[in-house]
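Along the sequence shown, residues carry numbers from 1. Model, not experiment: these values are computed from the prediction.
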Amino acid sequence: MIEFKKSTCHIAVVQATPVLFHKEATINKAVSLIEEASQKKVDLIVFPGAFVPCYPRGFSYGYVVGSRTMEGREDWKVLYDQSVLIPSADTDKLANAAKQAQAYVAIGVNEKDAKSGTLYCTFVIFSLEGKLVAKHRKLKPTGTERCIWGDGNEGAISTVDTPFGTIGSLICWENYMPLARAALYQKGISIYLAPTADNREVWQHTMQHIAMEGRCFVIGCNQYVTKSDYPTHFHYQAELDALPEDLCPGGSCIVNPFGNYLVEPVWNKEAILYQELDIEQVPLSRMDFDPIGHYSRPDVFQLQVNEI
């Protein structure tokens, strides 16, 4: 039986522009946006994936099959130097902002591993007490993302139990991995966070499908970034020339457990999407379809998850 200590969750979904390739300035902006959202007395604040210091859209980093360039390595090193150690003074700033806001805060970062030289696309959640309570590394970077991020396994299926239900996340095209979605459903997720870099309109069908399939609220959150936001000191700067000015027009949205928009996709601007979620809609939606209950067949299908 699903029971909640709070029947509502006031959520803020932040569609914002990072200060590209500048960790400290982007974290400071995130803290300011957390403070702004806290004025609305929200319970949960969600940022896009790879927000700190940015999603490095448009760069090849000099990769071709069989060789790399030193100029590409130097461009990648900028991202490496501006990435985040977890935990560190950088995450302490975000944790303290969550504590001051008295809200859960979920945010995507480029994570720099403390021992190796590998970067990961990581999504972290801080509690309203200012504790790091979840860290999920993207399981499989998409396409040429594999040139800059390693495969994650730490926090593969990481969720947090809150007074308004279980929350968790998959990053961007992880949401096309059926078994990864099923693993989140097995955790009894009520609010499904889907930070992304995908700004296609067809992505919206994915958000609605997951809400219907998982019978949960789905929070799509993306950045808003233009070509003019980029610094101009890279060797491969010319690779941006052929790209449109609106590199990432957004598309953040909020979908209810019946697959209907509570907040339709927001395009072509920075914005904070505010919405009250009626958590009682979760059990109501599962009367006729429950992916881990009466509409499952555990005698036929079983999912094994190796959690680290």
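Closest of all the heavy-atom pairs between G214 and Y185 is CA-CE2, 3.4 Å. Taking all atoms of both residues into account, the shortest heavy-atom contact from F126 to A98 is CB-CB, 3.9 Å. Of all non-hydrogen atoms in P56 and C54, the two that sit nearest each other are CD-O, 3.7 Å. Annotation for A103 and I45: closest pair CB-CD1, 4.1 Å, computed over non-hydrogen atoms. Considering every non-hydrogen atom in both S252 and L273, the closest pair reads O-CD2, 3.6 Å. Heavy atoms only, all atoms of each residue included: R286 and I189 are closest at NH2-O, 2.9 Å.
Atom NE2 of H136 sits about 6.5 Å away from atom CD1 of I157, to the nearest 0.5 Å. Note that CD of Q275 and CG of L262 are 5.0 Å apart. Values are rounded to the nearest 0.5 Å. To the nearest 0.5 Å, atoms CG (L79) and OG (S83) are separated by 4.5 Å. Separation of atoms CD1 (I254) and CD (E276) is listed at 11.5 Å; rounding is to 0.5 Å. A distance of 9.5 Å separates CG in L132 from CG in D92, rounded to the nearest 0.5 Å. Interatomic distance, R181 CZ to L170 CG, rounded to the nearest 0.5 Å: 9.0 Å.
The residues D43 and K6 are annotated as salt-bridged, a charged nitrogen and a carboxylate oxygen being separated by less than 4.0 angstrom. Between K112 and D90 there is no salt bridge, since none of the side-chain N atoms of the basic residue sits less than 4.0 Å from a carboxylate O of the acidic one. In summary, D113 and K115 do not engage in a salt bridge, as defined by a charged side-chain N under 4.0 Å from a carboxylate O. We find that K140 and E145 are not joined by a salt bridge, their nearest charged nitrogen and carboxylate oxygen being 4.0 Å or further apart. A salt bridge links R215 to D288: at least one charged side-chain nitrogen sits closer than 4.0 Å to a carboxylate oxygen. In this structure, E270 pairs ionically with K29, as a charged nitrogen and a carboxylate oxygen lie closer than 4.0 Å. Salt bridge R137/E154: present, at least one basic N to carboxylate O contact under 4.0 Å. Between K138 and E174 there is no salt bridge, since none of the side-chain N atoms of the basic residue sits less than 4.0 Å from a carboxylate O of the acidic one.
Counting heavy atoms of neighbouring residues, nucleotides and ligands inside a 6.0 Å radius, atom CZ of R200 exceeds 12 of them. Applying the 6.0 Å contact sphere to CD of Q302 captures no more than 12 heavy atoms from other residues, nucleotides or ligands. By the 6.0 Å contact criterion, CD on E201 is open, its count of non-hydrogen atoms from other residues, nucleotides or ligands being 12 or less. Applying the 6.0 Å contact sphere to CD of E129 captures more than 12 heavy atoms from other residues, nucleotides or ligands. More than 12 non-hydrogen atoms from other residues, nucleotides or ligands lie less than 6.0 angstrom from NZ of K93. Within a 6.0 Å sphere centred on NZ of K131, other residues, nucleotides and ligands contribute 12 heavy atoms or fewer.
For the residue pair T69 / Y61, no side-chain donor-acceptor distance below 3.5 Å is found, with atom types taken as modelled. Q100 and S38 form no side-chain donor-acceptor contact under 3.5 Å, judged by distance and modelled atom types alone.
In this structure a side-chain-to-backbone donor-acceptor pair under 3.5 Å is missing from Q15 to C221. Looking only at distances, a side-chain donor or acceptor of N256 sits under 3.5 Å from a matching main-chain atom of G259.
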In sequence, state the C-alpha distance, the side-chain angles, and the governing distance for Y192 and I210, and then conclude on side chain to side chain contact (heavy atoms under 4.5 Å, CB included). CA-CA 9 Å; Y192 183 121; I210 292 173; 3.7 Å; yes
T166/D161 under side-chain hydrogen bond (donor to acceptor under 3.5 Å, both in side chains): CA gap, chis, key distance, verdict: CA-CA 4 Å; T166 300; D161 293 328; 2.7 Å; yes
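Residue pairs meeting the ring-ring contact (aromatic ring centres under 6.0 Å, His included) criterion with at least one member in residues 244-293, sequence neighbours excluded, are F289-Y295. Applying the ring-ring contact (aromatic ring centres under 6.0 Å, His included) test to pairs two or more places apart or on separate chains, those with a residue in residues 19-46 are F21-F234. Sorted by first and then second residue, the pairs that involve residues 81-124 and meet ring-ring contact (aromatic ring centres under 6.0 Å, His included), not counting sequence neighbours, are Y104-F164. Within the structure, ring-ring contact (aromatic ring centres under 6.0 Å, His included) pairs that include any residue of residues 77-102 comprise W76-Y80 (at least two apart or interchain).
Side-chain contact check for L184 versus T159: some heavy-atom pair is nearer than 4.5 Å. Using a 4.5 Å cut-off on side-chain heavy atoms (C-beta onward), W203 and N199 make no contact. Proximity of L179 to L303: side-chain heavy atoms (C-beta onward) are separated by under 4.5 Å at one or more points. Between F47 and I34 there is a side-chain heavy-atom pair separated by less than 4.5 Å. Taking 4.5 Å as the limit, some side-chain heavy atom of P53 sits within range of a side-chain heavy atom of N110. Proximity of Y55 to C248: side-chain heavy atoms (C-beta onward) are nowhere separated by under 4.5 Å. Considering only heavy atoms from C-beta on, Y224 stays 4.5 Å or farther from V266 through its side chain.
Other cluster members for M70: none, since no ILVMFWY side-chain heavy atom sits under 4.5 Å from it.
Every side chain to side chain donor-acceptor pair (under 3.5 Å) that H209 has, sequence neighbours left out, goes to E213.
Taking the six-membered ring where the residue is Trp, W173 and Y176 present perpendicular rings, their angle passing 60° and hence far from 30°.
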